[in-house]
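Working notes, structure below.
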Amino acid sequence: MSHETHRSLENDGHRLVIARSAADVVLQARSGRIVTSAFPDLAAAALQLPAGTVLDGEVVVWHAGRTDFALVQRRAAATAARAAVLAQSLPASYAAFDVLELAGLDVRARPYERRRALLVDLLLPLGPPLQPVPMTTDPELAATWYETLPASGIEGLVVKRLDQAYPAGRRGWQKLRHTDVRDAAVIGYTGTPRRPLALVLVLPVGDETPLVSSPLTAALRREVAEAAAARGAAEPPATAAATTVTVTAIGLGEVPYRALDPPLTAEVRHTSARHPPPEVLRLRTDL
């Protein structure tokens with residue numbers, strides 16, 4: 001068996017498993033949350049898959065020539081009624097990078113080279129919005145992708161061995177990213193409308209759990225206050241504490257925050273999912 005590696009694109013999206021049973025389709029986020037109703041366009045497309053199919057991949061939303069993580073977060077948080085509207089204005093795409101089950105047969109133990117062939121044979125006849133993520137075994141082409149595609153929202157490359165089984169429950173792939181600087185969805189902020197203190201972020205890595213950024217600079221506080229005023233930030237509920245919208249902040253515990261709907265986008269720097277907290281570099285007002 002070949003020990004050769006292949007490189008595939010890492011998109012700026014939400015990790016998502018699609019499970020097609022004989023009766024219906026279920027879309028499950030990395031966190032375990034069922035998000036089928038939030039992506040009716042993908043659920044409808046997945047009905048074309050044969051029963052007993054399970055795919056692993058990422059859902060992305062393209063806007064102005066690039067993938068936009070904040071828009072994916074907006075889609076994922078939508079109610080069922082609103083999701084139908086957003087499916088028309090912000091259609092989702094699914095970049096599948098693996099097949100786990102096909103026609104009821106568990107194929108996770110098969111080498112990736114074989115699973116990739118099964119995935120391509122399955123999805124290419126269907127076409128968008130379900131499609132296999134681009135991959136190559138050509139190092140020069142991979143290098144070209146790595147250098148030229150960040151402007152399209154591509155975060156980097158994922159490197160896998162062609163003889164590798166599916167690494168369920170553990171990290172078995174190598175990720176090559178340009179930097180720890182990335183876009184994040186801003187779903188709210190702590191502090192007051194006139195003086196925001198920190199942003200509540202959802203990063204395009206991890207389990208989609210909201211994180212609180214490090215304290216904002218004075219310039220960013222002013223910019224966030226203006227953006228929040230323009231979008232109409234919601235006040236934290238004034239009812240019982242059990243219904244208050246809160247988020248866990250490092251060193252502070254549970255803190256209330258004001259929600260932003262639709263979310264903003266911020267460029268942040270972080271070295272891990274939680275420690276230290278993400279540093280906000282700027283708001284992405286250019287998107």
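When all heavy atoms of Thr36 and Ala43 are compared, the closest pair comes out as CG2-CB, 4.0 Å. Of all heavy-atom pairs spanning Ala184 and Leu203, the tightest one is CB-CD2, 3.5 Å. Between Leu201 and Ser213, the closest heavy-atom pair is CD1-CB, 3.9 Å. Between Val25 and Leu47, the shortest heavy-atom distance links the atoms CG2-CD2, 3.6 Å. In terms of heavy-atom proximity, Pro263 sits nearest to Ala70 at CG-O, 3.7 Å. Between Pro277 and Ser214, the shortest heavy-atom contact is CB-N, 3.9 Å.
Using a 4.5 Å heavy-atom cutoff, the side chains of Thr190 and Pro196 are not in contact. Using a 4.5 Å cut-off on side-chain heavy atoms (C-beta onward), Ile187 and Tyr257 make contact. Put simply, the side chain of Val224 reaches to within 4.5 Å of the side chain of Leu283, judged on heavy atoms.
Remark: Arg82 CZ is packed, more than 12 non-hydrogen atoms of other residues, nucleotides or ligands lying under 6.0 Å away.
Note on Val200 and Val255: same hydrophobic cluster, where clusters join Ile, Leu, Val, Met, Phe, Trp and Tyr whose side-chain heavy atoms are under 4.5 Å apart, directly or indirectly. Cluster membership for Leu197 and Leu211, using ILVMFWY side-chain heavy atoms within less than 4.5 angstrom, is not shared. When hydrophobic clusters are built by joining Ile, Leu, Val, Met, Phe, Trp and Tyr residues whose side-chain heavy atoms come closer than 4.5 Å, directly or via intermediates, Val26 is not grouped with Val35. At a threshold of 4.5 Å between side-chain heavy atoms, the hydrophobic network of Ile, Leu, Val, Met, Phe, Trp and Tyr places Val120 and Leu126 in two separate groups.
Distance alone, capped at 3.5 Å, places no donor-acceptor pair between the Ser93 side chain and the Pro129 backbone. Counting only distance, with no hydrogens or angles, the side chain of Gln88 and the backbone of Val85 share no donor-acceptor pair below 3.5 Å. In this structure, the side chain of Arg115 engages the main chain of Arg110 through a donor-acceptor pair within 3.5 Å. When atom types are taken as modelled, the side chain of Arg269 and the backbone of Pro278 share no donor-acceptor pair closer than 3.5 angstrom. Counting only distance, with no hydrogens or angles, the side chain of Tyr94 and the backbone of Leu16 share a donor-acceptor pair below 3.5 Å. Proximity of a side-chain donor or acceptor of Arg75 to a complementary backbone N or O of Leu90 within less than 3.5 Å is detected. In this structure, the side chain of Arg221 engages the main chain of Leu216 through a donor-acceptor pair within 3.5 Å. Checked by atom type and distance alone, the side chain of Glu101 never pairs as donor or acceptor with a backbone atom of Leu105 at under 3.5 Å.
How far CG of Leu199 is from CG of Leu220: 7.5 Å, rounded to the nearest 0.5 Å. Of the inter-residue distances, the one linking Thr265 atom OG1 with Gln73 atom CD reads 10.5 Å to the nearest 0.5 angstrom. For the atom pair Gln48 CD and Leu122 CG, the distance stands at 10.5 Å (nearest 0.5 Å). Thr192 contributes atom OG1, which lies 6.5 Å from atom CZ of Arg258 (distance to the nearest 0.5 angstrom). With rounding to the nearest 0.5 angstrom, the CG atom of Asp41 is 9.5 Å from the CG atom of Leu130. Rounding to the nearest 0.5 angstrom, the gap separating the CG atom in Leu27 from the CZ atom in Arg20 is 12.0 Å.
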Verdict with reasoning, Glu267 to Arg282, per salt bridge (Lys or Arg N to Asp or Glu O under 4.0 Å): CA-CA 5 Å; Glu267 187 177 80; Arg282 65 181 179 121; 3.3 Å; yes
Check against side-chain contact (heavy atoms from CB on, under 4.5 Å), Arg74 and Leu86: CA-CA 9 Å; Arg74 183 178 176 187; Leu86 292 179; 4.1 Å; yes
Derivation of the side-chain contact (heavy atoms from CB on, under 4.5 Å) call for Val59 and Phe39: CA-CA 9 Å; Val59 53; Phe39 296 97; 3.7 Å; yes
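If you run side chain to side chain contact (heavy atoms under 4.5 Å, CB included) between Leu49 and each of Leu102, Leu123, Val99, Val54, only Leu123 comes through.
Counting only N and O atoms by type, the side chains of Tyr166 and Asp56 include a donor and acceptor under 3.5 Å apart.
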